[in-house]
Amino acid sequence: MPIQLRRLLLLFSVFIIIFIVIRHFLVPDSFGEFGHYRGDALDEIASQEVKFMGNQSCVACHDSIGTLLIEGYHDYLQCEVCHGPGYQHNVNPVTYHLLKPMERTDCAKCHSQNKARAEDGIIQQDIDNHHPERKCIECHNPHQP
Amino acid sequence: MKEKKKKINRRKFIGYSGLITGGVLASSIAPSLGGILMASRKPKNDGPWYGIGIDIEKCIGCGNCAKTCKIENDVPKEPFFFRNWVEQYTLKKDGSMLIEAPNGGIDGFKQTEADENILKTFFVPKMCNHCAKSPCTQVCPVGATFESPEGIALIDEKYCIGCGYCIQACPYGCRYLHPDTDVADKCTLCYHRIKKGMNPACMDTCPTGARISGDLNDPESDLNKFLNTKNVQVLKPQMNTGSKLFYNALNREVK
Amino acid sequence: MDPRFEHLYEALTKVDGFIYPNEIDLAWSVLIVLYPYITGLVAGAFILASLERVFKVKALKPTYAIALLTSFSFLLVATMPLIFHLGKPLRFFEILTTPHLTSAMAVFGFVYLWYLMVVLLLEIWFDYRHDLVIWSNQGRGMKKWIYKILTLGIKDISTEALSWDQKLGYAVTIIGIPSAFLLHGYVGFIFGSIKANPWWSTTLMPVIFLFSAMVSGIALVMVIFMLVNYIRKEKIDMKCLDTIGKFLLYAIIIDFALEALDQVHRFYVADESFDTIYLLMSGKLYITLIGMQIIVGTVIPLIVLGFMQFYKPKVKIRQWLYFITGILVLVGIFFMRWNVVIGGQLFSKSFNGFTSFKLDLIGAEGFLGAAIWMIVPFLILAFLLWLLPPWKKISEHF
């Protein structure tokens, strides 16, 4: 074997060995645990904070409104649909207050007329003409509309 | 007599072998034929295997799903980054089609076309299809996006290099480059909630129950009931992505 | 307003029809246009060098070393636009440590290293080894030491050793041709394999990329060859220049035929994406596709080069024609890459509308940021020509 080839083979072997050694340190420990990815990523993604807590955590304190709600048309609604995420309020109810949507536009998001909404489905109102001078909640209790 | 029996045996033999060959052939290609069934009926493991069902007939276009998602998952508020969104399709009587998704539907929809000009209109909520054969996880060069054992396409934000190849590969436009983390981002089907036994946030805050997610491996799950009773369709079936997002009453104009 | 999103709000006002909301922002910008452009120049220049060495087109001999050094200097830069466009550039090593083998992009690191280390470096080294040994014994100072290191400590220049250089160098060139095909056909596959994007998803993509690479590489070497001779105040070998012109013509013909085939097929088949793509070609891409890529970059060079096969004007005029044609071809192929990369992201995958793209002047993804990666290879080349001047070579391969 000519000296050029020997020298090059030596050099390339050194490169490859260096690469393998470096690779050993750069690949995360949990890589390949379940597939071609970092296994720890699953737990990291699962540890994200939950912000929408669900009705059980609301009715734990607001039981009277909860009872009101399940007796009315809005019984299938989650409180947080209108009031926003409860995670901060849940921890610190004094400092953090939830949204109290009172405007006509808030109700209109679901109840305005739109041909794409099934006629026999949700109740729709012509928002521009149905008592435009008043707020919806003056007549309709949102917890029992 | 003997001769005849032999003949019958031979005929039987040819018949059976034909049947077996045909059966083997058919079963070998069958999984790839069922665009919808393929993903919905293929248990990958013993645990849950998640899919999603959206009932277009029930969607009222309130945009709560998109709004909730942005809050729950810290998605940037700017109207260029969405893990889910709602589109309104309006087929007009003059034959033209109007498609809108102002701010992903988060601020609700205001009908822009007069009722008498409309032939048909409907909302289509969109989100990650959590494909069984995801083109996005296929193209990730480093293994930063992957399908979890539960069949959910996830991104490891600590490992993603932000090359954008997955964004190009997703036929449904469900990925974006997160402006703060500089890596790709997408729907996780609220993996953090599912793992705690909760529903994804967008499903919980849907006021009409138009969205459900569930375990395809569990024959009693709501999702399987939905699949069994509704006339479901997936988006872009020709892409053969094994989409696990099933729509009831999907119009063929929807892409 | 957050300045990061200003251009997006502007783009939002320019949306035509309906697009998915995430599609307003283009994930790939001008740096990804440069990536196939530069790798194409690398592969094309190398193939020109192999024309001389493997296919024995001896008229091209004066360009051999220049072609190799050009190829090498562009290859050194080829990964830079890629790395700088990443959201997390410092994580680029993951593509080498944990390549995900179902991804068309994953093995790029290895294809690149193979091409750099095994093909180009070795071919140049074998070609220059004799000279390196001689140069390392002359002169003084830094340069001498650089030569000494480059010889890898081998001083043997016996006839036997030199004939080994020849044989090994030849073998490397032979390996190099499929490698060059691999390198650039592979870049085409990165785009061609995206089934979600009908503008990219065509089987012909790798082949088109390959031949357009040859076109651009040959044109680049032609221009550099003329510039080098001009700067050194040497007379240009017209036989060599005419031969390059001839091969450039052949390459353009094949490239044009392939691209035309692709488009004719697209028009004839007219699948679900066709209406959108037709609007794209006749609208947002009209200037860059019809104007720059086809007329400036293909048709005019075809006419000029074709004309010169039958009639050869005076030397001075011919040189100018070749020079201008070379530049036009380089511009045309740049816009070909542009049309693929940017064009493929301008239409919505819903086939119902378009977004828009504006190239910024500054910033890593801006015009100036991109221009850096087109200037740096020329600086590297100038350095290499100073370090390894082909015109001072004693040894010659056969």
Side-chain angles (χ1 to χ4, degrees), chain B residues 66 76 78-83 85 87 89 97-105 126 135-146 157-184 186 236 238-241 253-255, chain C residues 1-2 4-5 8-9 11-12 17-29 32 82-83 85-109 190-191 193-197 200 271-273 341 344-345 348-353 355:
Chain B
E78 285 74 18
F80 320 107
F81 313 103
F82 293 90
R83 288 186 179 194
W85 67 94
E87 298 166 1
Y89 288 69
M97 174 72 101
L98 179 71
I99 312 170
E100 297 164 296
N103 193 16
K126 294 271 186 84
C136 57
T137 59
Q138 180 191 22
V139 303
C140 176
V142 299
T145 181
F146 53 89
E157 66 168 77
K158 287 195 187 145
Y159 207 66
C160 174
I161 58 176
C163 70
Y165 202 21
C166 56
I167 301 173
Q168 309 290 359
C170 174
Y172 310 101
C174 292
R175 288 170 168 254
Y176 59 90
L177 201 72
H178 196 296
D180 298 328
T181 59
D182 291 323
V183 297
K186 69 176 288 295
K236 301 191 182 185
Q238 75 277 17
M239 287 287 161
N240 192 29
T241 56
E253 298 292 340
V254 180
K255 283 176 187 133
Chain C
M1 191 199 298
D2 192 331
R4 287 181 300 169
F5 304 122
L8 292 178
Y9 278 104
L12 190 62
F18 169 77
I19 65 174
Y20 297 138
N22 290 332
E23 286 179 330
I24 291 165
D25 193 10
L26 267 63
W28 289 352
S29 175
I32 301 296
L82 263 188
I83 291 175
H85 111 280
L86 292 180
K88 293 282 180 198
L90 293 177
R91 295 183 186 167
F92 80 94
F93 65 84
E94 291 169 9
I95 213 165
L96 292 169
T97 53
T98 57
H100 185 219
L101 295 179
T102 61
S103 166
M105 201 184 270
V107 274
F108 179 75
I190 288 181
F191 293 93
S193 61
I194 295 296
K195 65 179 168 189
N197 190 322
W200 292 346
D271 65 10
E272 59 162 357
S273 65
V341 176
Q345 300 172 83
S348 167
K349 285 174 194 149
S350 69
F351 306 139
N352 281 315
T355 181

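Treat the numbers as computed from the prediction; the structure is a model and nothing was measured. All heavy atoms count here, side chains included; hydrogens, waters and symmetry mates do not.
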Mind checking the [atom1]-[atom2] spacing from [X] to [Y]? Nearest 0.5 Å is all I need.
X        : Y       : atom1 : atom2 : answer
C:Phe5   : B:Phe81 : CZ    : CZ    : 4.5 Å
B:Phe80  : C:Leu8  : CZ    : CG    : 4.5 Å
B:Ile167 : C:Leu26 : CD1   : CG    : 10.5 Å

For [X] versus [Y], what's the shortest heavy-atom pair and its separation?
X        : Y        : result
B:Pro171 : C:Ala196 : CA-CB, 3.5 Å
B:Cys140 : C:Ser103 : O-CB, 3.3 Å
C:Asn352 : B:Ile99  : ND2-CD1, 3.2 Å
B:Cys163 : C:Met105 : SG-SD, 4.0 Å

message: Does B:Lys158, at its NZ atom, have more than 12 non-hydrogen atoms belonging to other residues, nucleotides or ligands within less than 6.0 Å?
response: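 Counting other residues, nucleotides and ligands, NZ of B:Lys158 stays at 12 neighbours or fewer.
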Please classify the contact of [X] with chain B as side chain, backbone, both or neither, using a heavy-atom distance under 4.5 Å.
X        : result
C:Ile190 : both
C:Ile95  : both
C:Ser348 : neither
C:Tyr9   : both

Where does [X] contact chain C at under 4.5 Å (heavy atoms): side chain, backbone, both or neither?
X        : result
B:Glu100 : backbone
B:Pro135 : side chain
B:Tyr172 : backbone

I'd like to know if the side chain of [X] reaches the main chain of [Y], judged simply by a donor and an acceptor atom lying under 3.5 Å from each other, with no hydrogens or angles considered.
X        : Y        : value
B:Tyr159 : C:Glu94  : no
C:Lys349 : B:Gln168 : yes
C:Lys195 : B:Met239 : yes
C:Asn22  : B:Phe82  : yes
C:Ser350 : B:Lys255 : no

Taking the side chain as every heavy atom from C-beta outward, state whether [X] and [Y] have any atom pair closer than 4.5 Å.
X        : Y        : value
B:Val183 : C:Arg91  : yes
C:Phe108 : B:Pro141 : no
C:Arg4   : B:Glu78  : no
C:Ile194 : B:Tyr165 : yes

message: Please identify, among C:Ala106, C:Gly17, C:Pro21, the residue contributing the most non-hydrogen atom pairs under 4.5 Å to chain B.
response: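 That would be C:Pro21.
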Return the option, out of [options], with the maximum number of heavy-atom pairs under 4.5 Å with chain C.
options                      : value
B:Ala101, B:Cys160, B:Gly143 : B:Cys160
B:Cys174, B:Ala144, B:Pro179 : B:Pro179
B:Asn103, B:Thr181, B:Ile161 : B:Ile161

- prompt: Quick check, are the ring centers of B:Tyr176 and C:Tyr20 under 6.0 angstrom apart?
  reply: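 No, too far apart.
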